[in-house]
Each structure stands twice: as structure tokens, then as C-alpha cells.
Undergrad: 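Before we start, here is the structure in question, set down as C-alpha cells.
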Amino acid sequence: MIYNPQEIEPKWQKIWEKKKVYRADLKSARKPFYNLMMFPYPSAEGLHVGNMYAFVHSDTFGRFMRLKGFDVFEPIGLDGFGIHSENYAIKVGEHISDVSKRTEKHFYEQLHMIGNQFDWSRTLETYKPEYYKWTQWIFVQMFKKGLAYQAESYVNWCPSCKTVLSDEQVVSGRCERCDTVVEKKLMKQWFFKITDYAERLLKNLEWINWSERTKLSQRNWIGKSEGATIKFPIPNFQSPIEVFTTRLDTIFGCTYCVLSPEHKLIQELKPQIKNWDEVEKYIAQAQKKSEMERTELAKEKTGIELKGVKAINPFNNQEIPVFVADYVLVHYGTGAVMAVPGHDERDFEFAKKYGLPIVEVIKSKDGKSSITRAVAKGEEEDLSSSPEEEAFVEDGVLINSGEYNGSSSKDARQKLADWLEKNEIGGKKIHYKLRDWCVSRQRYWGPPIPMIFCEICDWQPVPEKDLPVLLPETKDYLPRADGLSPLARNEKFWKTKCPKCGGPARRETDVSDTFLDSSWYFFRYPSVEFDDKIFDKERTKKWLPVDMYIGGQEHAVLHLLYSRFMTMFFKDLGMIDFEEPYKRFFAHGLLIREGAKMSKSKGNIVNPDEYIKKYGADSIRMYLMFLGDVSQGGDWRDSGINGMFRFVNRVWKLSSKTELPSMEAKVKKRTEFSSPPQAKTQNLKNLVHKTIKKVTNDLEGLKFNTAVAAMMILVNGFEKEEKIDQEDFEAFLKLLSPFAPHISEELWGKLGHSQRDKSLFHPSLRSGKESIFKEKWPEYDPKLVKEKMITLIIQINGKVRDKIEAEADISEERAKELALSSEKIKKWTGGKEIKKVIFVKNKLINIVI
Ligand code: ANZ
Ligand code: ZN
């Protein structure tokens, strides 16, 4: 019989589904294990092979946990609301609700085809009212707790997508989706106060079991800075310039102040500013630049002095000039800085360019001032560079700082902050880069924000009994450049009554951000059947936090931070008693193709369907997992699939070699001493057990590729045998089954475990369960995995100099490595060139020097 995945794969998928092999008993499972993967967003007709890359790794881990005896719950759904999906529909020129019906069907078909152990009875789609009812409910709770507010603010505006983007959706100053340079626009938006949770979000990173890389991204995103604020009075003007600095110790070196172009004070100071035209022009130009362009160190700094305006350094009462410059950002700190060109690189560059004084106030601890240091350095290393070409940016000892001279930077920061606090012109301050989460979008395809505005009662949340606020079906849904939401053009939608006073009122016409949909979906899966609550307490207690979450590193800040915030919020509402959603998060790398990033514009996207049709899902799964360390990503090469397909075929052929222990042999075994196994068979037994050990350890450590490699070695071993002991082959099939579930199940059945053919097989095997996925993961015999050891003689120029214990059949390379690391040998070889190495397998290694 030939291997025909097109026949066996759909067959098993149907049987598994019918027999509910993958349905966890959500109520009474004894060892629950929640195996989660990031649900896909349909921004194209179908699943991308990159999704599949993530999903098969996650599924293989989940199946491994199942075989280890856990009640694994592995759900899937669609993150179908949002701009990705809407833009796709616009591109293909169809209505988004039609497209989403079609993509839902196709995505689910594909997700069936890859053979994951999904619980198909618990799918969810974020665009269904039964789901987004609860997304809206969350919004209402946020509002009630004072964590949702509306504010006018500069937001990231993508002129191409015609919508607001969150900071996380802006990558290097460009729109994450369409790569257009993002602009700043002043608009009214809804925000969630995630900044209230900044410290908690940061603190928990100390203990959660996540990849270090991911934690670091979160830490940087939250960006905690400890510093101080200082008020610099402006003569003849009511309000001061307030700055945020992390280097209060440099205050005596402050020779000017800088405001960001969007700073409110600039407009207020207009009557005093003598060069207003120039300033106004500069501000307009800055507005066109992306944040990235403005802050990049390499870019030349620009700015304009506000002529006629001065500020006073409160510590020495010196009058200093005030500038507007676009390298200062409005959202960070106070949107204004005290510039210290002697000790800050950007300020230094700026001061040089505009001829501003540079005052040195910190010298290094070794007693030399920074200038002399720089001279010394210049002499030694690079005579051409002029000595003051750099600012001394490190901590040190204060000079030119009045009564603070001689203090260390650290002490000075404390003393100076105390003085500020005493005089009520500033003090210590912690700043976070993290900003509140802008959750409103001026688009159509999302949950309408459940708020109602009444002239008398102000903003009122939609009463919970009236949720969901249904997204109206409309043909007129395209975004427009005016930034007005599509729903605002739909009077029937927005005209309503105030829930408080009953008077005429207006619904919010913005929808919420997709990241809100996905920030809580994993709470819903175990509770999809409850339509009177967002999730069931008992269920959640049993299944959450998620045990294992595998997904892309690209979501390290976007989605993971929001879902952590949401979990903390649920805890604060008293709904759950944990505050971190994922016990373990593992980030997979990116799948590329023939060395290049897959993208539609390059036309090199791999459509998994074609390959599955041709080779079967098992081969594709195995191939994806063989590509390399999953944390590093993989390079898909068409030529590689064939190789994997051949391997799977070899596995198929092996099954005809398996030998059932005959009744006589069994009886014989019990009554007589069996003859000692032949060396060859014994080696194979060892190999089987070594492979069990290797695959087990590798799966625990998420090293899928090396596990596949180990199974390949075992298959080579099997092929050398005329007959394979069924027990050994069964152990192998169990190892293989998480990776290639269909073929493993089929061959398992052929060994006599399938219910249908039970009668055909030996009675001793009839007790076997009907699915390999109801079996137990094989265990290895520690005695059989021990390496046989030999004594390796080490010679130097033919004379025996040492003897070491080494594994039998050790390679020359490894023997050389061991020999050269021996202390005795090091004495002989130290510093000498090795001319030649003579290696006699399992006996000696001779090093010629
Ligand atoms: C004076 C000073 C002297 C500074 C010195 C640094 C070195 P982190 O560590 O990233 O928090 N800064 C403050 N607000 C800013 C804004 N809105 N846009 C651009 N830069 C801003 O950075 C804090 C430092 O960044 C602050 O400390 C301030 O410059 C600058 F020798 O103040 B510093
Ligand atoms: Zn009202």
C-alpha cells in the first residue's frame, strides 16, 4: 500500500471530530492544560503559511502535553474585526461583511486541514455580536472605574488608512499596515488609562516565565525613568516652563530651554514672540515629520529661538534663551527640556550649531575634568578630532555648581530635589514612556463604542441590558479623509435618548481598536456558551491563566501588554484572583522564504493549501518544524519539502516490517530464559530509548527541529533491521504523533489498535485504545540510554601523556576537543602549533606538535 495523505488525513480529521478526541472536559478535567496560540486575523483570503508555522509548533507542544496525561484545551478563533480586514475588503472591492463570511469559511477549512487538535465546539469570532457584546461591556466597566476617558490630543494619523493609530501601530514613524509616514493630528479620542498600571506591568516582569527578549521589549516600552521636574519662571508671564530631567545634577550647566513644537506655552506666548512668523513656519514643518525622523540621533537637530522670551534657572537666577526644537517630543515628560550641552549629546550638537554657551559642571571621578579627559583621549587615539567634540555624559563629581561643588552626581540629585520640593518649584518624578491607550478608531469594522453623549448629562455609558450596540449594516462604510467616522453619517444609528434623563442624545460613532478585541479573547474560549456573563468564574478558575502561549515576537508589546492590563483590570474588578494571563509565553521567530521576507508585493507568499494538497499536512508540519530553532524563525525552501515527504514515506514503509510477538514466542519467553539479544538488536533498543529521551527533552525545551532530527536517526536505524519489534515501533509512533498526527494515527491503527479492524488482530493487542492520542507518552529505560564508555589514550608526538574516559564511538573532532582540554595535555601543547592529529577510533588520539 502506498502512502496517501490525501486519503488518510481527512479521514482521521473526521474520526477525531466525531469521537471528540480533542474535547477537554471543561467542567471536570483533572489536569487542565490551556494551550493557546494567537488567533489569526483575516487580512487576506486565507491563512498565511507564517500562521501555520506558529500553529503547528504550538499544536505539537499541546499534543505532547496530552500524551503526557494532561487534559489539553486547544481552542481557535478569528480576530476578524479591525482595519486589517476592512482594508482587505476595500482592496478587493467587496463589502466587508461579505468578505468576512467567506474568509471565515476558508480560514476554518484551512485550520482543519493542518490537523491541529482544536476544540471545534468552542470557536469564537470577534465580529459576532455575542462576542463584541462583551468587548463593549469591558468598555463600560472601564468608564465606570474612571479608566476610560475622552481627550483631545495629538494622535498618530495615517493619511492612507484614514485613521488614528496607536503608538504600537507606528513602526519607525510609519503605519504598520500600509507603510505610509504617520502624521500628528489633534483629535478627540477615547483612551484607557493603562498608565495607571505601568508600575504593576513592569514589576511582574520580574517573575513571569517568558522569553527574556519579550520581557525586554515590554520593559523598554514601559520605559521607566526616574528624574525630577523643575519650573523655570518666564519674566513677565504667568506660567513657568516645566521640564523633566533625569540629570538634575547638571542643572548649573543648563544654558537654554527647549519646548516641543506642540507645546501649549508657545501659542500662549505668541504676543511676546518677536519672530512669530518664523516660529510658526517651523512648527508647521515639524508636524509633517515622523517621531522617528525627529529624534534619531544621527539626524541634524534643528530649532528656532523664541525671540523676546527668556527663562530663569531657579538655582542661579540666570536668564537663558528659549528655543523650539522638534527633537523634543510633546508627549514625553513635560514636553520641555532644560538643555545641558556640556553633558548631553543632543544638546551639545544643538549648542555647537547655534553658538550657545557650553558649561562644564560634572567631572569624572578620577579627578580629571571631562575636557582634559577628552584631550588625553584625543592624543592617544585620534589626534585629528578636536578635544571638545564630545559631551561628558556619565555621572561624576559636581564643579561650577555653587554650594553643590564636590558632591557626587547621585548625592547632588537628592539634595537638589529636596531643595526643589522645599521651594515648591519641582521635585522627584518618575516618568514612563508608556502612554494611555488610544482605543477609538474612525472606521467602520469594529465594535461601536458603547457611549452616549447628552448635552445635559455629559457622557453616559450604554446600560448593560442594552448591550450589544449592534454595528449597523450599511453600504456607506468607507473611510473619508475628513476623519469623520462612517457611523457619524448614519443618523439612524447615532440618534438616541440619554439613558439618564431621557432627553435627545447622540451615540459615540467611533468604534474600538482591534487590540481591545484580542486583549481578552482567551477568557472567552472556555466560557463561550454563557451568554449572560463575559466568563464563568468556575471555568476561568479551572483553566486560566493560560499554561502555554506561543506567538510572534512582533506582538511583544502590542497585544501582550494590553492583555496583561486587561487581566489586572479583571482582577481589580474582583472577577479573578490572578493578574498575569499567561504562565508561559514563548515567542517564535519569523518564517521567510528562500532567504527573503514573504510579502505580497514580492509575490513570494506560500499558500499552505497547495502544499498540503500535494504533500499532506504531516509532511508540511514536519518540514516547518525541521527548519531550525523556532525561536529564530525558519527559511522555507521548496526543495526541502520533497526531502521531508520522502522521509514520511520511509516511515510509512517501515510499518510493514513490524513484528508482532507471536503467541508461542510469548509463552516461550515466560517459560525459558530467552537467548541474549543479538548485538544489533540491542543497539537498536538503545537507540529507541535514547530517542525517547532526546525527543522528550527537546519538546520540553521547545527544540522541535532537533527532535525531528533525532527521529530521523532512529528511522535510519529501523531501516537497517529486517524486522522491527512492534513495541519499539509503537514507541516511535508515539514520539512522532505530535509532529505528524495523521500518519501516526493511521499506522497505530494498522498495528491493531483501531476499533474498526479489531477482530483482525491478535487478542493481546485488542486492549489498545482506539486513538494514539489516548495513549501515554513513552518512557525510556535509564539503563539503556547510558553511553558505553571507553578509555581513550592521548599521545603527544607518539608518547602517552594522558588517559581519559570517553563515550564509545566518539568522533575525531570531539576526541581532539577533549584531549586538548585535559590539563596534562595543555602543559605539552600550550602555545604550540598542532601539526597533525592521528585518531584511532575507540583507542587513541595522537597529537603531533
Ligand atoms: C537635562 C539633561 C542633562 C538630560 C544631561 C540628559 C542629560 P530618558 O532617560 O529617556 O527618560 N527629555 C526630557 N523630556 C524630553 C522630551 N519631551 N523630548 C526629548 N527629550 C526629553 O530621558 C530623559 C532625558 O531626556 C531628560 O534629561 C531630558 O534631558 C530629555 F546631561 O535633562 B535631560
Ligand atoms: Zn441626559
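Since we're looking at a predicted model, the values are computed, not measured. Atoms within a ligand are numbered from 1 in the order they appear, just like the ligands themselves.
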Undergrad: Does anything in residues 564-573 form a salt bridge (charged side-chain N to carboxylate O under 4.0 Å, His left out)? List the pairs, not counting sequence neighbours.
TA: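 Every salt bridge (charged side-chain N to carboxylate O under 4.0 Å, His left out) pair that includes a residue of residues 564-573, provided the two are not neighbours, is Arg200-Asp572, Arg564-Glu580, Lys571-Glu579.
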Undergrad: Ignoring hydrogens and geometry, is there a side-chain-to-backbone donor-acceptor pair from Thr255 to Pro357 under 3.5 Å?
TA: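 Pair found, side chain donor or acceptor close to backbone of Pro357.
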Undergrad: Have a look at Tyr332, Tyr432, Tyr327 and point out the one with the heavy atom closest to atom 19 (C) of ligand 1.
TA: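 When every heavy atom of Tyr332, Tyr432, Tyr327 is considered, Tyr327 comes closest to atom 19 (C) of ligand 1.
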Undergrad: Within the structure, is a non-hydrogen atom of Gly333 found at a distance of less than 4.0 Å from ligand 1?
TA: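 Outside the 4.0 Å threshold, so no.
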Undergrad: Using distance alone, decide if ligand 1 has a nitrogen or oxygen within less than 3.5 Å of any nitrogen or oxygen in Leu329.
TA: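 Yes, there is a polar N/O contact under 3.5 Å.
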Undergrad: For the pair Glu199 and Lys224, find out whether any cationic side-chain nitrogen is under 4.0 Å from an anionic carboxylate oxygen.
TA: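 So Glu199 pairs with Lys224 through a salt bridge.
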Undergrad: What do we get for Thr250 next to ligand 1 when only non-hydrogen atoms under 4.0 Å count, side chain, backbone, both or neither?
TA: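 For Thr250, only side-chain atoms sit under 4.0 Å from ligand 1.
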Undergrad: Report, in ascending order of atom number, the atoms of ligand 1 lying under 4.0 Å from any heavy atom of Phe244.
TA: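 The atoms of ligand 1 under 4.0 Å from a heavy atom of Phe244 are 13 (C), 26 (C), 28 (C).
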Undergrad: Hey, is Met338 one of the residues with a heavy atom under 4.0 angstrom from ligand 1?
TA: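 Within the 4.0 Å threshold, so yes.
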Undergrad: Once you restrict to heavy atoms under 4.0 Å, what part of Lys224 touches ligand 1? Side chain, backbone, both or neither.
TA: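 Neither part.
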Undergrad: Using heavy-atom distances only, which candidate in Thr245, Ile230, Val337 approaches atom 4 (C) of ligand 1 most closely?
TA: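 Minimum heavy-atom distance to atom 4 (C) of ligand 1 goes to Thr245.
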Undergrad: Any nitrogen or oxygen of His343, side chain or backbone, less than 3.5 Å from one on ligand 1?
TA: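 By distance alone, the answer is no.
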Undergrad: Mind checking whether Ser409 and Val397 have side chains closer than 4.5 Å, heavy atoms only?
TA: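 Not touching, per the 4.5 Å side-chain cut-off.
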Undergrad: Counting from 1, what ligand 1 atoms have a heavy atom of Val340 closer than 4.0 Å?
TA: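 Near Val340, meaning under 4.0 Å from one of its heavy atoms, ligand 1 has 3 (C).
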Undergrad: Quick one: does NZ or CZ of Lys363 land under 6.0 Å from the six-membered ring centre of Phe392, within 45 degrees of the ring axis?
TA: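 Because its charged atom misses either the 6.0 Å distance or the 45° angle limit, Lys363 does not stack over Phe392.
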Undergrad: Determine, using heavy atoms of His331 and all atoms of ligand 1, whether some pair is separated by less than 4.0 Å.
TA: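 Distance cut 4.0 Å: His331 fails for ligand 1.
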Undergrad: Hey, does the side chain of Ser485 reach the backbone of Ala488 with a donor-acceptor pair shorter than 3.5 angstrom?
TA: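 No: the side chain of Ser485 does not pair with the backbone of Ala488.
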Undergrad: Check Asp249, Ile358, Val359, Val361 against His343 for a side-chain contact (heavy atoms from CB on, under 4.5 Å) and give me the one that passes.
TA: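 The residue from Asp249, Ile358, Val359, Val361 that satisfies side-chain contact (heavy atoms from CB on, under 4.5 Å) with His343 turns out to be Val361.
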Undergrad: Give a yes or no on whether a salt bridge exists between Asp395 and Arg413, defined as a side-chain N under 4.0 angstrom from a carboxylate O.
TA: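 Salt bridge flag = yes for Arg413 with Asp395.
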Undergrad: Show me which atoms of ligand 1 lie under 4.0 Å from any heavy atom of Ser225.
TA: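 Near Ser225, meaning under 4.0 Å from one of its heavy atoms, ligand 1 has 8 (P), 9 (O), 11 (O).
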